[in-house]
Amino acid sequence: MSDEKNRTDNNSDTEISIPLAELIKVRRDKVLELQNKNINPYPYSYKRTHHIKDAIADFDSLAEAETSISFAGRIMLKRKMGKTFFADLRDSSERIQIYVRKDKVSDEQFDIFNSVDLGDIVGVEGFMFTTKTGEKTLKVTSFELLTKSLHPLPDKHSGLTDTEQRYRRRYADLIVNPEVRDVFRMRSKIIQMVRDYLNNKDFLEVETPILQPMYGGGNAKPFKTFYNKLDRDMYMRIADELYLKRLIVGGYDKVWELCKDFRNEGIDRFHNPEFTMIEMYWAFADYKDMAELFENMLRDTVFAIHGKYKIPYGENEIDFEPKFRWVSMLDSIKEETGVDFSELSYEDAKSKAKEFHVESDTLINWGKVVEAMWEEKVEPTLIQPTFITDYPVEISPLAKKHRDNPRLTERFELFISTFEMGNAFSELNDPVDQMERFIQQGKAMEAGDDEAQPLDDDCITALTYGMPPTAGLGFGVDRLVMVLTNQHTIRDVVFFPQMKETGDGSVPVSKILAQIIDDE
RNA sequence: GGGGGUGUAGCUCAGGGGUAGAGCAUCUGCCUUUUAAGCAGGUUGUCGAUGGUUCGAUUCCAUCCACCCUCACCA
């Protein structure tokens, strides 16, 4: 019996028979019906007088004068009651209830509104009033369908919660989850704030190559691509550093770039293979100058976004108002463990690390051991904004040696809520020192470190012309946005995060549409 | 890459060796101040994919895929 059924299914079911297709077909039929009545379900424009938010703010005077106003937005809810409708209309600014009565609009418009589906985009004209239950509402006198929606919306109450679907179909996420829109508005505002801040400080916004013959400026595996015309491999940039330095050599005092970078590495809640950094370079300044600039910029940005300096992040409250803590990497380790690594040789440091259960056998130099100790014992404690400074030279190939200690560099990283929010140095401008560091990196690469930096000849050449003393800073925009918007996954601050190809066998909507058109 | 979890209708979720249910959406009625409107009735599913066990698998087993959490590495 079941065999028989399967057979018939397999034989007859070359057609698509899924409920979604039925839902889409109902809406498609409405499109045809409108077209038969010479009504364009996809008209060209609509002149609205108000955004909903502004009309609500100005409600009293608009209602009293019965001013005729208009909105354009998407129908999110619809309640039919005999010869009237209430519906929720949402535009980019707000939601409002609209009220459609049969005796207030033309018969044709009433019929069209009757056929309106959740998700349709409409223009409505009318005047503001208050319902019995006290809700500010637009009484509609004229109505126009602006775009017919063919695809059903997610559930009107529970919305779209499946994280995978939210990322894969961000448009649906944005339609039904307005708070997601707000996060990305804040992202935009944060970038705008930084841009304004740097412009006001006379930093020049520049653009440098994303497609590069040689990558560098950070420790990461690059994306490789191929340029047919030149018959050669090219790389997507992993950082801006080396190009911005060339511009400092060229004579600009202050440059910065909002840079999309690409790193051929894993995906997790802190990493997306393409991400956004801001890098800035400041001639005749050192890392302390840069720290002050960075700190003030962040403090002002937090206040501009939130109107206050204390903001929640997860369990914690981050306070941007007090002067950020400034502590050297070695001192911070000493505070947490009582051990002063500055006194120790490479071998002693290794065995000391083991006493603290830090695996050090594979660490090839003193700097790497210090870094491992620090990551294990100090980094998880850094909730409030903290500059960790003066990193070992071995793990800082582009930073200038510390003026007081050749084992260290003039470098800081800022930590907030235990993760890194920026990385800066007094930039290395001695071409001989820089070349030697590159050579060290080359050895690391030969030893199997596929994130080591290759030697950039042109960068060395540039430095031989002379780069003034310069401070450089790079910080992750995505992470800054995460902290300032209290988001805990990079995927919630990037519109279209990288996703693997879907494993499900779902029928693409285009196929459903093709089938429906075919049947017409 | 290791460990744990999840995958059932357009959406949110229950269920369970005899091929499936709820709410919302959708369709048909009724209702001119409702609001997750209400009332009455109806439609809807390759139960993530592929194999195996079984008379029979959506359910049990194995493998794979995607997503989430976590550990290791990079920002």
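All heavy atoms count here, side chains included; hydrogens, waters and symmetry mates do not.
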* **Rounded distance in Å - CD (Glu359(A)) to P (C73(B))** => 11 Å
* What is the nucleic acid contact for Asn219(A), judged by heavy atoms within less than 4.0 Å: base, sugar-phosphate only, or nothing? -> sugar-phosphate
* Is any NZ, NE, NH1 or NH2 atom of the basic residue among Glu94(A) and Lys136(A) found under 4.0 Å from an Asp or Glu carboxylate oxygen of the other? -> no
* Structure fact -> By nearest-heavy-atom nucleotide on RNA chain B, the more 5' of Thr131(A) and Leu153(A) is Leu153(A)
* Identify whether any heavy atom of Ile24(A) sits under 4.0 Å from a base atom; if not, whether one sits that close to sugar-phosphate; answer base, sugar-phosphate or nothing. => nothing
* Nearest-angstrom distance from the residue atom CZ of Phe270(A) to P of C73(B) -> 14 Å
* To do: Could you state the atom-to-atom distance from CD of Glu164(A) to P of U12(B) in whole Å?
  => 11 Å
* Structure fact -> Closest to the side chain of Lys156(A), out of U32(B), C24(B), A9(B), is C24(B)
Report all interatomic pairs (protein N or O, nucleotide N or O of nucleotides 26-30 of chain B) with separations under 3.5 Å.
from   : atom 1 : to       : atom 2 : distance (Å)
C27(B) : OP1    : Lys30(A) : NZ     : 3.1

* Take the angle between the ring planes of Phe270(A) and Phe419(A) and call it parallel below 30°, perpendicular above 60°, tilted in between. => tilted
* For A66(B) versus C74(B), give the span between their P atoms, rounded off to a whole number of Å. => 25 Å
* Asked: When all nucleic acid strands are considered with a 4.0 Å heavy-atom cut-off, which category describes Asn272(A): base, sugar-phosphate, or nothing?
  -> base
* To do: Tell me yes or no: between the side chains of Tyr281(A) and Glu241(A), is some donor less than 3.5 Å from an acceptor?
  => yes
* Structure fact -> From CD1 of Ile267(A) across to P of C69(B) the rounded distance in Å is 12 Å
* Is Thr161(A) touching bases, backbone alone, or none of the nucleic acid, heavy atoms closer than 4.0 Å? -> sugar-phosphate
* Which is true for Arg169(A) with a 4.0 Å heavy-atom rule: it touches a base, it touches only sugar-phosphate, or it touches nothing? -> sugar-phosphate
* To do: Considering only NZ, NE, NH1 and NH2 on the basic side and carboxylate oxygens on the acidic side, decide whether Lys148(A) and Asp117(A) come within less than 4.0 Å.
  => yes
* Least distance between heavy atoms, His151(A) atom then Arg27(A) atom -> O-NH1, 3.4 Å
* Asked: Base, sugar-phosphate, or nothing for Lys83(A), non-hydrogen atoms under 4.0 angstrom?
  -> base
* To do: Indicate, with a heavy-atom threshold strictly under 4.0 Å, whether Met499(A) touches base, sugar-phosphate, or nothing.
  => sugar-phosphate
* Nearest-angstrom distance, C1' atom, G23(B) to A62(B) -> 36 Å
* For the side chain of Tyr99(A), starting at C-beta, report the closest nucleotide among U34(B), A75(B), U32(B). => U32(B)
* Asked: Taking any strand in view, what nucleotide pairs with C30(B) in a Watson-Crick or G-U wobble way, both distances under 3.5 Å?
  -> G38(B)
* **G2(B) versus A37(B) - spacing of their P atoms, nearest Å** => 47 Å
* If we take the C1' atom in both G18(B) and U59(B), what is their distance in whole Å? -> 11 Å
* **Pairwise P distance, G7(B) and C47(B) [rounded to whole Å]** => 14 Å
* Which pair of heavy atoms, one from Leu414(A) and one from Phe324(A), lies closest together, and at what distance? -> CD1-CD1, 3.9 Å
* Asked: Between U34(B) atom P and Arg79(A) atom CZ, what is the distance in whole Å?
  -> 10 Å
* Distance-only donor-acceptor test (3.5 Å): side chain His271(A), base C74(B) -> yes
* Can you check whether any acceptor in the base of U34(B) is under 3.5 Å from a donor in the side chain of Gln97(A), or vice versa? => yes
* Asked: So what does Phe419(A) hit on the nucleic acid, given a heavy-atom distance under 4.0 Å: a base, only sugar-phosphate, or nothing?
  -> nothing
* Per the atom types in the model, does the base of U33(B) pair as donor or acceptor with the side chain of Thr84(A) at under 3.5 Å? -> no
* To do: Report the C-alpha separation of Phe294(A) and Trp256(A) in whole Å, then their side-chain angles, then the decisive distance to 0.1 Å, and conclude whether the ring pair (Phe, Tyr, Trp, His ring centres under 6.0 Å) test is met.
  => CA-CA 13 Å; Phe294(A) 190 32; Trp256(A) 74 285; over 10 Å; no
* Report which part of the nucleic acid Phe129(A) touches: base, sugar-phosphate, or nothing (heavy-atom distance under 4.0 Å, all strands). => base
* Structure fact -> From CD1 of Ile416(A) across to P of A75(B) the rounded distance in Å is 17 Å
* **Any donor-acceptor N/O pair under 3.5 Å between C74(B) base and Asp268(A) side chain** => yes
* **A9(B) to G41(B) separation - P atoms, rounded to the nearest Å** => 26 Å
* What is the nucleic acid contact for Gly159(A), judged by heavy atoms within less than 4.0 Å: base, sugar-phosphate only, or nothing? -> sugar-phosphate
* Is Asp173(A) paired with Arg169(A) through a side-chain N to carboxylate O contact shorter than 4.0 Å? -> no
* For the pair made of NZ in Lys132(A) and P in U33(B), what is the distance, rounded to whole Å? -> 6 Å
* To do: Would you classify Arg491(A) as touching base, sugar-phosphate or nothing, given that sugar-phosphate means primed atoms plus P, OP1 and OP2, and contacts are heavy atoms under 4.0 Å?
  => sugar-phosphate
* Output the single nucleotide from U44(B), U33(B), A75(B) whose closest atom is nearest the side chain of Glu420(A). => A75(B)
* To do: Tell me what Asp103(A) touches on the nucleic acid: a base, only sugar-phosphate, or nothing, going by heavy atoms under 4.0 Å.
  => base
* Short side-chain donor-acceptor distance under 3.5 Å, Thr137(A) and Gln97(A) -> yes
* Could you state the atom-to-atom distance from CD1 of Ile96(A) to C1' of U34(B) in whole Å? => 15 Å
* Side chain of Leu77(A) - closest among A36(B), U70(B), C74(B) -> A36(B)
* **Base G23(B) paired with Asp155(A) side chain (donor-acceptor, <3.5 Å)** => yes
* Do you know the tightest heavy-atom contact between Tyr215(A) and Ala220(A)? -> CE1-O, 3.9 Å
* Closest non-hydrogen atom pair, Trp374(A) against Leu382(A) -> CZ2-CD1, 3.8 Å
* Hey, is Phe86(A) stacking on A37(B)? Ring centres under 5.5 Å, planes under 30°. -> no
* For atom C1', what is the distance between G48(B) and C71(B), given to the nearest Å? -> 27 Å
* Whole-angstrom distance between U26(B) and U44(B), as gauged at atom C1' -> 9 Å
* Asked: How is Asn264(A) classified with respect to the nucleic acid when contacts are heavy atoms under 4.0 Å: base, sugar-phosphate, or nothing?
  -> nothing
